[in-house]
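Note that the numbering runs from 1 along the sequence shown for the chain. Read the numbers this way: they start at 1 and go in the same order the structure lists the ligands and their atoms.
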Amino acid sequence: MRVGLLTGGGDVPGLNAAIRAVVKRGEGEHGHSIIGFRNGWKGVVDGDVMPLTRQHIRNVLPVGGTLLGTARYHPHTADGGLDAALATLEAERIEALICIGGDGTLHAASKIAEAGVKIVGIPKTIDNDVWATDASIGFDTAVSIATEAIDRVHTTAESHNRVMIVEVMGRHAGWIAVTSGIAGGAELVLAPEEPFDIDRVERFLKHRHRAHASFSILVVAEGAVPAEGTSMHYETQVGQFGEIVAGAIGERLKGELERRTGFDTRVTVLGHTQRGGTPTAADRILASRFGVAAIDAVDAGTSNVMTAVRGERVELVPIEEVAGKVKRVPQDLLQVARALA
Ligand code: F6P
C-alpha cells in the first residue's frame, strides 16, 4: 500500500519517534511505502511530498521537532483547500493517511475522512488535552522541562524573598501547570479549569508571607482567566490560530500582585522551551507504541480511528468521537495541587 504520513499543528518532542515507528514497521514488517507530506496539511494541499524510507529515520529517535516539518494550516478552512488536498491524495495514489496532530489536525482529518479518505490519527500535544486518550505525545517532556524550571526558580525565589510567577503553556486545559506545579512544589497553580479570584490569591500570599515564608512560586497556565464578577478584568489575548500571546497573563498577574501585596515579583515565561529538545523516554515509548498501532491499523484495513492509550493498553477510538472535544484536568488532580499549597 501507499500510506501517507503528516505531522500537523505545533511541534512536540517525540514526533520523530512516531514517524520512525510508522516507517520501520510499515516498510519492514508490512512492506508498505510511506509517503511523507511536508509541513502538515499544507504539504497535502501543495503536493509537497517526501518518500520516507529507513534511511530517513536513522538516528532520529532522540531528536526533537519533526523531520517532516509542520504548520498550523487546515484545508477545510482555506479556500479550495479541501479539493486541493483530495486531488493530491488521488494523484499520489494514497490509500490511507496517518495524521499525527492535536485537536486542529485531527479535526481536519475528520473532514478529509468524510470525503472517503481512510484516516488513522495519532494524538500529540504538550497541552495533553486531546479527548479519549490518557496521554498525548509531548506532554511528558513538557512536564519535565516545566518541573526543572520550577526547581530552578525555587532557589532564586528563596534567595531574593520574591514571588515568582512561572507561566507555562496550556490554552484550554492546565495539565502542564497542574502536574509540574505538583512536581515542583508550587504554592499556587492557576489553570483554565478553575477561573481564579485575584482577591483570594492576594490574601493567600499575604497570609503565607506574614505567617511563615518569605517567597512563593505561582504557576499559571497561559489560558488561565479570572472568574467572572471578581475584581480583575482580563481577556485572553490570542493570535490568528487561537494561539495565546505568550507572557500576557504572567505579566498581568505580576502587575496586579505587586500593586496589591507590595512583594517583589518576577515572571518566567517558559514558552517554546516546553516544545523543544530531546523527548523523554516516556514520550519516545508512547510515540513508538502509537506509530506501530497506527500502521498496524492501516494494514488491517481499519480507518477513521485514532490511537489512544487507556491504562496499560493502546486502543483505537473512532476519530469523530475525538474532534472538537477538550480533555480537561479532573477535579481530583486539581485538588491535589490545592492540597499541597
Ligand atoms: O497547541 C499547543 C501549543 O503549544 C499551546 O500550548 C500554545 O498556546 C500554542 O501551541 C503556541 O502556538 P505557536 O507555536 O503557534 O505559537
> Who passes side-chain contact (heavy atoms from CB on, under 4.5 Å) against A213, sequence neighbours left out?
Replying inline: R208
> Given a cutoff of under 4.5 Å between side-chain heavy atoms of I, L, V, M, F, W and Y, with clusters grown through shared members, what are the other residues clustered with V238?
Replying inline: I244
> At a 4.0 angstrom heavy-atom cut-off, what protein residues surround ligand 1?
Replying inline: R72, I126, D127, M169, G170, R171, E222, E243, I244, H272, R275
> What pairs with V130 under side-chain contact (heavy atoms from CB on, under 4.5 Å), at least two apart in sequence or on another chain?
Replying inline: L106, P123, T125, T133, S136, M306, V322
> With no hydrogens and no angle check, do the side chains of T141 and D283 hold a donor and an acceptor under 3.5 Å apart?
Replying inline: yes
> In terms of the angle between their ring planes, are W175 and F139 parallel, tilted or perpendicular, with boundaries placed at 30° and 60°?
Replying inline: perpendicular
> Are E95 and R2 within salt-bridge range, i.e. N to O under 4.0 Å?
Replying inline: no
